[in-house]
**Student:** 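Let me give you the structure first, and then I'll get to my questions.
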Amino acid sequence: MKNKVAVITGGNGTIGSIFAKGLAAAGANVFILGRNEDKSNKVIAQLKEEGLTIQSILCDVLDEKSVQSAAQKIVDITGKVDILVNCAGGNMSGATVMPDQSIFDIDIAQFRKVNDLNLLGTVIPSIAFAKSMVKNGQGNIINISSMAAALPLTRVVGYSASKAAIDNFTRWMAVEMANKYGGKIRVNAIAPGFFVAEQNRKLLLVEKPSFAKLP
């Protein structure tokens, strides 16, 4: 990864910060994008203690001008973008159907926000940063999907629907880039399994676990 420029949206989050650490450790010049400056600074400080240097830029992935501005700043500093990892995303309680609820309890406003954050939060940065990749003739976009995109594994219906949309967009953009600009601009998605993070801690864990007794 030496001399590679990597950009990670949501780079101050659980998954994004791990990408930042891995890419920086491999020698890439890493920029994390996020709306929360304090969270970004904490990630920077933590990785600095481990001997790694990354940079951050304030950015809202749902604001086209904000994303375009961030892309231009990075190109002005480095001259290119080799890698984009779209980690920004999340879920809301109103887009989740809990055991004591039904589909009729979905909050459409929150369902819409979850879809916007995950889907548009991937589409907007992909378009903005792909311009630099097209100019340089190569690049790699990595989108974050979910195991829940293909199967109804959990109660997070809004999140699952948006991740399924990301799968479709990933395939579409991969074909578009290959047909228009050659095979050196790759677009892929990865689907992590389940892990505990602040957003899903209450959904995945119970406060007082109980264990069945064997007869």
Side-chain angles (χ1 to χ4, degrees), residues 7-19 32-36 39 59-68 70 83-130 140-179 185-206:
V7 177
I8 306 168
T9 70
N12 56 18
T14 302
I15 298 180
S17 60
I18 296 300
F19 271 103
I32 61 173
L33 308 185
R35 293 181 299 177
N36 190 316
K39 285 182 65 177
C59 179
D60 181 352
V61 293
L62 293 180
D63 184 330
E64 289 182 75
K65 290 184 178 179
S66 177
V67 176
Q68 291 167 359
I83 302 165
L84 169 66
V85 185
N86 282 309
C87 282
N91 189 32
M92 301 182 74
S93 59
T96 301
V97 179
M98 298 305 289
D100 58 343
Q101 296 178 314
S102 73
I103 191 171
F104 304 111
D105 294 304
I106 290 175
D107 184 323
I108 293 301
Q110 290 194 19
F111 190 99
R112 182 179 291 112
K113 288 180 179 179
V114 169
N115 274 267
D116 282 353
L117 178 57
N118 290 299
L119 179 57
L120 293 182
T122 294
V123 173
I124 292 172
S126 294
I127 293 172
F129 286 96
N140 189 6
I141 297 174
I142 302 171
N143 297 326
I144 304 301
S145 179
S146 169
M147 295 302 293
L151 297 170
L153 299 176
T154 71
R155 303 182 186 282
V156 289
V157 57
Y159 182 85
S160 300
S162 63
K163 290 299 185 178
I166 286 175
D167 283 358
N168 183 276
F169 174 73
T170 299
R171 294 185 179 96
W172 186 92
M173 190 171 183
V175 173
E176 177 73 1
M177 292 291 103
N179 285 340
I185 300 177
R186 303 184 304 277
V187 186
N188 293 284
I190 61 175
F194 296 102
F195 57 91
V196 178
E198 291 307 313
Q199 288 184 346
N200 64 7
R201 183 175 298 276
K202 291 183 179 180
L203 186 66
L204 294 181
L205 302 180
V206 294

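Sequential numbering from 1 along the given sequence is applied to the chain's residues. Note that this is a predicted model, so its numbers are computed, not measured.
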**Student:** What are the two closest non-hydrogen atoms of Ile15 and Pro192, and how far apart are they?
**Tutor:**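 Taking Ile15 first and Pro192 second, the nearest heavy atoms are CD1-CG, 4.3 Å.
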**Student:** Shortest non-hydrogen contact from Asn115 to Gly158?
**Tutor:**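 The pair with the smallest heavy-atom distance is ND2-O, 3.7 Å.
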**Student:** Locate the shortest heavy-atom distance separating Asn12 from Asn36; write the atom from each residue and the value.
**Tutor:** ND2-O, 3.3 Å
**Student:** Do Thr122 and Asn143 pair up side chain to side chain, a donor and an acceptor below 3.5 Å, judged on atom types alone?
**Tutor:**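 No.
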**Student:** Going from OG on Ser93 to CG on Asp105, what distance comes out if it is rounded to the nearest 0.5 angstrom?
**Tutor:** 11.5 Å
**Student:** What are the two closest non-hydrogen atoms of Asn118 and Gly89, and how far apart are they?
**Tutor:**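 Nearest heavy atoms, Asn118 then Gly89: OD1-CA, 3.2 Å.
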**Student:** What is the minimum heavy-atom distance between Met98 and Arg155, and which atoms define it?
**Tutor:** CA-CD, 3.8 Å
**Student:** Only one of Arg186, Met173, Met177 passes side-chain contact (heavy atoms from CB on, under 4.5 Å) with Ile141; say which it is.
**Tutor:**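 Among Arg186, Met173, Met177, the one meeting side-chain contact (heavy atoms from CB on, under 4.5 Å) with Ile141 is Met173.
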**Student:** How long is the straight-line distance from CG of Leu117 back to CE of Met92, given to the nearest 0.5 Å?
**Tutor:** 9.0 Å
**Student:** Should Asn140 and Asn188 be marked as a side-chain contact (heavy atoms from CB on, under 4.5 Å) after you check the CA-CA gap, both sets of side-chain angles, and the distance that decides it?
**Tutor:** CA-CA 8 Å; Asn140 189 6; Asn188 293 284; 4.2 Å; yes
**Student:** For Cys87, does its backbone N or O pair with a side-chain atom of Thr9 as donor and acceptor, under 3.5 Å?
**Tutor:**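 Between the backbone of Cys87 and the side chain of Thr9 there is a qualifying donor-acceptor contact (under 3.5 Å).
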**Student:** Judged by atom type as modelled, is there a donor-acceptor pair below 3.5 Å linking the side chain of Lys39 to the main-chain atoms of Gly11?
**Tutor:** no
**Student:** Taking all atoms of both residues into account, what is the closest heavy-atom pair of Phe129 and Ala70, and its distance?
**Tutor:**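 Looking at all heavy atoms of both residues, the closest pair is CZ-C, 4.5 Å.
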**Student:** Could you measure the distance from the OG1 atom of Thr14 to the CZ atom of Phe19? Nearest 0.5 Å is fine.
**Tutor:**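 Separation between the atoms: 12.5 Å.
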**Student:** Quick one: which of Val85, Leu84, Ile142 gives a side-chain contact (heavy atoms from CB on, under 4.5 Å) with Ile8?
**Tutor:**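 With Ile8 as partner, side-chain contact (heavy atoms from CB on, under 4.5 Å) holds for just one option, Val85.
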**Student:** Determine whether more than 12 heavy atoms belonging to other residues, nucleotides or ligands lie under 6.0 Å from atom CD of Glu176.
**Tutor:** yes
**Student:** Is it the case that the side chains of Ser66 and Asp60 hold a donor-acceptor pair, with the cut-off being a distance below 3.5 Å and no angle test?
**Tutor:**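 Short answer, no.
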